Each structure stands twice: as C-alpha cells, then as structure tokens.
Amino acid sequence: QGQLVESGGGSAQAGRALKLSCVDSRSTATHQCMGWFRLAPGKEREGVAAITDDGNTNYEDSVKGRFTIAQDNGKNTLYLQMNSLKPEDTATYYCAATWDYGCKYDMLSADKYGFWGRGTQVTVSS
C-alpha cells in the first residue's frame, strides 16, 4: 500500500461540488509541500493546487476561485474542495508530497514531488 491515499472522487454534474481527501498513512511529519495534480485523457499532467508547510497556496489559473486546498497537519490529511465543477475538470486527481524545500519556488511543478498517491477519478457531466 502506498504512502498517500486519496478518496472522495466520483461523478458530479456541472456546477456541483466534490471534496477530495488525501491521507499520509506513514508519516506524521509535515511535508514542505503537498499538492493535487490531475491527468485527463489526451492531456499532460498539470498541477491544480499546492500548499506549503506554512500555509502558502498556489492554484492553476483555471481553478482559481473555484477550488480550495487545505491541510490538517494533526490528521496528516490534505483536502481539495472543488466547487462550481466544469466538464473540463474531468480527470484522475493525484495527491503528491515532497520534502524538497525547492517546491516552495515552483509549487505546481510535478518534478518537485517524490511521493504520489494512486489517484482518484473525478467525472463532471454537463
């Protein structure tokens, strides 16, 4: 079993909301950065949202104002609240984490992250 375990994916109609969760099952220490990435068919993987250990956040432009990333360090859990969903949000969403301090300068870059979950599918219908 992997270290990061996602849950909360599913199907929703456009305009509705879903909330993803990611639990770090092996570590109680806080990562430098944690983030959500997504991969849609025919597209490249993209960073959706990320958060640093001191609470700074960064979002991909298309989700700004609609998605919110948050973490509960006491529960080793990362969240992604997704509101006003659009069909183009359809993808497999992956949780990622890193100890690399350099992530703070490029939070949405996948190559900064060394730990990945297996992904959870989000499907948005129009």
Side-chain angles (χ1 to χ4, degrees):
Q1 186 174 357
Q3 177 169 354
L4 301 177
V5 182
E6 305 99 335
S7 62
S11 298
Q13 289 188 321
R16 305 301 291 267
L18 285 172
K19 185 175 183 177
L20 305 183
S21 299
C22 170
V23 177
D24 186 338
S25 62
R26 297 186 185 177
S27 174
T28 58
T30 302
H31 296 277
Q32 294 289 347
C33 299
M34 293 191 75
W36 291 97
F37 295 77
R38 65 186 179 188
L39 182 61
K43 296 184 178 180
E44 295 186 354
R45 180 175 54 184
E46 65 176 353
V48 176
I51 187 167
T52 65
D53 61 339
D54 50 0
N56 292 321
T57 59
N58 197 8
Y59 295 92
E60 193 269 330
D61 286 345
S62 71
V63 307
K64 287 180 180 177
R66 299 190 297 122
F67 290 11
T68 302
I69 189 170
Q71 61 186 359
D72 183 336
N73 292 331
K75 297 181 179 179
N76 301 324
T77 303
L78 181 72
Y79 303 99
L80 185 67
Q81 177 67 47
M82 305 185 294
N83 297 331
S84 302
L85 284 163
K86 301 177 180 180
E88 50 264 43
D89 295 321
T90 295
T92 301
Y93 284 71
Y94 297 88
C95 173
T98 181
W99 302 109
D100 181 358
Y101 188 86
C103 68
K104 297 189 176 186
Y105 301 100
D106 198 1
M107 294 168 64
L108 297 181
S109 176
D111 62 6
K112 300 296 184 184
Y113 293 80
F115 301 97
W116 293 84
R118 293 187 176 183
T120 185
Q121 178 67 35
V122 172
T123 302
V124 184
S125 58
S126 58

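Keep in mind that what you see is a predicted model, and the values were worked out from it rather than measured. Note: hydrogens, waters and symmetry copies are ignored here, and every other heavy atom, side chains too, is used.
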Distance check, rounded to the nearest 0.5 Å: [X] atom [atom1] versus [Y] atom [atom2]?
X	Y	atom1	atom2	value
I69	N58	CD1	CG	9.5 Å
T92	R45	OG1	CZ	12.0 Å
C22	N76	SG	CG	10.0 Å
L85	T123	CG	OG1	10.5 Å
Q81	L20	CD	CG	9.0 Å
L78	C33	CG	SG	11.0 Å

Least distance between heavy atoms, [X] atom then [Y] atom:
X	Y	result
P87	A14	CD-CB, 4.1 Å
G47	E60	O-CB, 3.2 Å
N83	A17	OD1-CB, 3.3 Å
R66	S62	NH2-O, 3.0 Å

Legend entry - Residues D89, K86: salt bridge by 4.0 Å N-O rule: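 Answer for the salt bridge query: no.
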
Inset, instruction - Considering only NZ, NE, NH1 and NH2 on the basic side and carboxylate oxygens on the acidic side, decide whether E6 and R118 come within less than 4.0 Å. - result: no

Legend entry - K64 atom NZ, neighbour heavy-atom count above 12 within 6.0 Å: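 Enclosed: over 12 neighbouring heavy atoms sit under 6.0 Å from NZ of K64.
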
Exam field: side chain [X] to backbone [Y], donor-acceptor pair closer than 3.5 Å:
X	Y	answer
Y59	G65	no
T77	V23	no
Q71	T52	yes
Y113	M107	yes
T98	K112	yes

Inset, instruction - Treat each ILVMFWY residue as a node, draw an edge where side-chain heavy atoms are under 4.5 Å apart, and state whether L108 and F67 are in one component. - result: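 No, L108 and F67 fall in different hydrophobic clusters.
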
Legend entry - hydrophobic_cluster_shared for M82 and V124, side chain cutoff 4.5 Å: yes

Inset, instruction - On the 0 to 90° scale, with breaks at 30° and 60°, tag the H31-W99 ring pair as parallel, tilted or perpendicular. - result: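 Taking W99 first and then H31, their aromatic rings sit tilted (interplane angle of 30° to 60°).
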
Legend entry - Donor + acceptor pair across side chains of S25, Q3 (<3.5 Å): no

Legend entry - Among F37, W36, Y93, ring pair (Phe, Tyr, Trp, His ring centres under 6.0 Å) partner for W116: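 Among F37, W36, Y93, the one that satisfies the ring pair (Phe, Tyr, Trp, His ring centres under 6.0 Å) with W116 is F37.
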
Inset, instruction - Report the residue from L80, T90, V63, V122 that forms a side chain to side chain contact (heavy atoms under 4.5 Å, CB included) with R38. - result: V63

